[in-house]
2 protein chains.
Amino acid sequence: MSEEKIRVGLVEDQLLFRQGLKAILSYQKDIEVVFESADGYSVIEKLSAGKDLPHILLVDLSLPPNGKKEYNGLQLTDDICSQFPDIRVLILSVHNDDNLIAQLIQHGAAGYLVKDCDPHEVYDAIQSVHVKGTYINETALKAIQSNLGKRSKPKALSAALNLTKREIEILQLICQQNTTEEIAEKLFISPKTVDGHRNNLLQKTGSRNTVGLVLFAVSQNLLSK
Amino acid sequence: MSEEKIRVGLVEDQLLFRQGLKAILSYQKDIEVVFESADGYSVIEKLSAGKDLPHILLVDLSLPPNGKKEYNGLQLTDDICSQFPDIRVLILSVHNDDNLIAQLIQHGAAGYLVKDCDPHEVYDAIQSVHVKGTYINETALKAIQSNLGKRSKPKALSAALNLTKREIEILQLICQQNTTEEIAEKLFISPKTVDGHRNNLLQKTGSRNTVGLVLFAVSQNLLSK
DNA sequence: TCAAAAACAGGTATAAATACCTGCTTTTAA
DNA sequence: TTAAAAGCAGGTATTTATACCTGTTTTTGA
């Protein structure tokens, strides 16, 4: 397992940063930096040559355009994954945007690192990707979790019109699938009181039944807590 | 860092498997199995007691129902994440379904392991989750990648729970605040049939009542047509 | 073509929610 | 300070939902 070194390719336009990375990685005895590149196009060319293929590519997200055409880390990731599926892409970026991270992962990136991370994390990430195929840290996981299944963010949390604090409280408990009895227990009040609050809620929200209450709560973003 | 042991809780109904896990983990000097549980309900109870809280919960996906009510690993994950956000949930499962995995991650699981993985991977996963907060292996990454783009496909995630076309239809009508009778009229079937479908939905989604169904439908984007 | 899954539909229960009442106390705000 | 609003809680009654059975027919897929 430890006989062969992990072959790493660096794709980063800033020379100084690239050299620094190389220095850090070359210090590790199980890593070999097999090539460097300052832009995306030359990466594809070099890989197409077909020798000394890296296991892992460390790719800067914000690569410079080649000539007139834009060719950033996201596009490069796409191309690498389709043309060289055996090569893993580890993204480096200064940004820390959930949607961006999720998008990159979706396009086949094996992991995401912010540029100001600990040097040791880069090494960890490379090892992790080499062994398991992935490196998802907490930041990336959060990005993924918040983007799985979501499409758009209305986020218009309207301060629920006429609802009182207690009514909102009851509504939230209803939306947690509690029965009237259970809500009463949790709030130390009579089930009849809960009943009364729910009836007020039905009336205020114009709902026919609990289903309407839940939909209202969802639409008003009352379930975030 | 290595002074304190990683406190792990096991949630697994099969005694033999649980004991085996415990044996494997106890062998590691930096891991301490602080409690075991055979079902989801007792986990919440134990955690609510509030002492010896585990850092990480190893949770079997297919937990047995408590009495008549279903309470599987997915629901437990939900509850742990909302009630005990500091505790990380690592899912163990025999299944290897992309949609299922993505769904679990989305619901807050820190990682996913198949039950026939190498014992060493369990240890790796626990360490990884403890240090980085996550453990996403290649299998899980693929699941995530293939699901990140499916946001506009309502049926995608529902398929993980094997909802039939008819069940989805019923679910949508329920979410439009129709009663069982009304749904029956609209679909020209018996109310008893609607009843049956709704019961299947409750079972499949692991919901306690209609509220759960609505929340499920919302989360799965089944209401946008 | 054959077996499995889905859809269908019935019974019998109980649990829960909903629709109206009534009246009382506490909190809030003019 | 005082009236209104909110919260509380009881009653009765009905409707709806849920649980757990049973079974048949239809559709689906290997």
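Every chain is numbered from 1, with letters handed out A, B, ... down the list of sequences. Remember, predicted model here, so these are calculated numbers, not experimental data.
Contact check, T164(A) against dA5(D): no side-chain N or O comes under 4.0 Å of OP1 or OP2. Contact between the side-chain N/O atoms of R166(B) and the OP1/OP2 oxygens of dC8(C) is found at a separation under 4.0 Å. In this structure, R208(A) does not reach the dT18(C) phosphate: none of its side-chain N or O atoms is under 4.0 Å from OP1 or OP2.
Here the side chains of I44(B) and I80(B) are in contact, with some heavy-atom distance below 4.5 Å. E185(B) has its side chain out of reach of N178(B): every pair of non-hydrogen atoms, C-beta onward, lies at least 4.5 Å apart. Side-chain contact between I183(B) and I174(B) is present, with at least one heavy-atom pair separated by less than 4.5 Å.
Atom-to-atom, CD of E181(A) to P of dA15(C) comes out at 10 Å; the value is rounded to the nearest Å. Protein atom NE2 of H197(A) is 6 Å distant from nucleotide atom P of dG7(D), rounded to whole Å. Rounded to an integer number of Å, the gap from CD1 of I183(A) to P of dG7(D) is 15 Å. Atom CD1 in I170(A) sits roughly 12 Å away from atom C1' in dA6(D) (whole-Å rounding). Taking atom CG of L173(B) as the reference point, atom C1' of dA17(D) lies 16 Å away to the nearest angstrom. Rounded to an integer number of Å, the gap from CD1 of I174(A) to C1' of dA17(D) is 15 Å. Spacing between atom CD of Q177(B) and atom P of dA17(C) amounts to 16 Å, rounded to whole angstrom units. The CG-C1' distance, from N178(A) to dA15(C), rounds to 15 Å in whole Å.
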Criterion side chain to side chain contact (heavy atoms under 4.5 Å, CB included) on L113(B) and I91(B), from CA distance to verdict | CA-CA 6 Å; L113(B) 289 172; I91(B) 296 290; over 6 Å; no
Nucleotide by nucleotide, 5' to 3', does protein get under 4.0 Å of the base (B), only the sugar-phosphate (S), or neither (-) in nucleotides 25-30 of chain C, counting heavy atoms?
-> ------
Any chance you could list the contact pattern along nucleotides 9-14 of chain C? Use B for base contacts, S for sugar-phosphate-only contacts and - for none, protein heavy atoms under 4.0 Å, 5' to 3'.
-> BBBB--
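Closest non-hydrogen pair, P54(A) versus L47(A), comes out as CD-CD2, 3.5 Å.
The closest donor-acceptor contact from the side chain of R7(B) to the backbone of D52(B) lies at 3.5 Å or more, if one exists at all. In this structure, the side chain of T205(A) engages the main chain of L201(A) through a donor-acceptor pair within 3.5 Å. Between the side chain of Q176(A) and the backbone N or O of L173(A), no donor-acceptor pair lies under 3.5 Å. Under a 3.5 Å cut-off, the side chain of S128(A) and the backbone N or O of T134(A) do form a donor-acceptor pair.
You'll find that the side chain of N199(B) is closest to dA19(D), out of dT16(D), dG7(D), dA19(D). Among the nucleotides dA6(D), dT18(C), dA7(C), the one closest to the side chain of T210(A) is dT18(C). Nearest to the side-chain atoms of T180(A) among the listed nucleotides dA6(D), dA17(C), dA19(D) stands dA17(C).
The terminal axes of the helix from dT1(C)-dA30(D) to dA30(C)-dT1(D), fitted over 5 pairs per end, subtend an angle of 70° to the nearest 10°.
A salt bridge links D60(B) with K115(B); the closest basic N to acidic carboxylate O contact falls under 4.0 Å. A salt bridge does not link K186(B) to E181(B): none of the charged side-chain nitrogens sits closer than 4.0 Å to a carboxylate oxygen. Under the 4.0 Å criterion applied to side-chain N and carboxylate O atoms, E36(B) and K46(B) are not assigned as salt-bridge partners.
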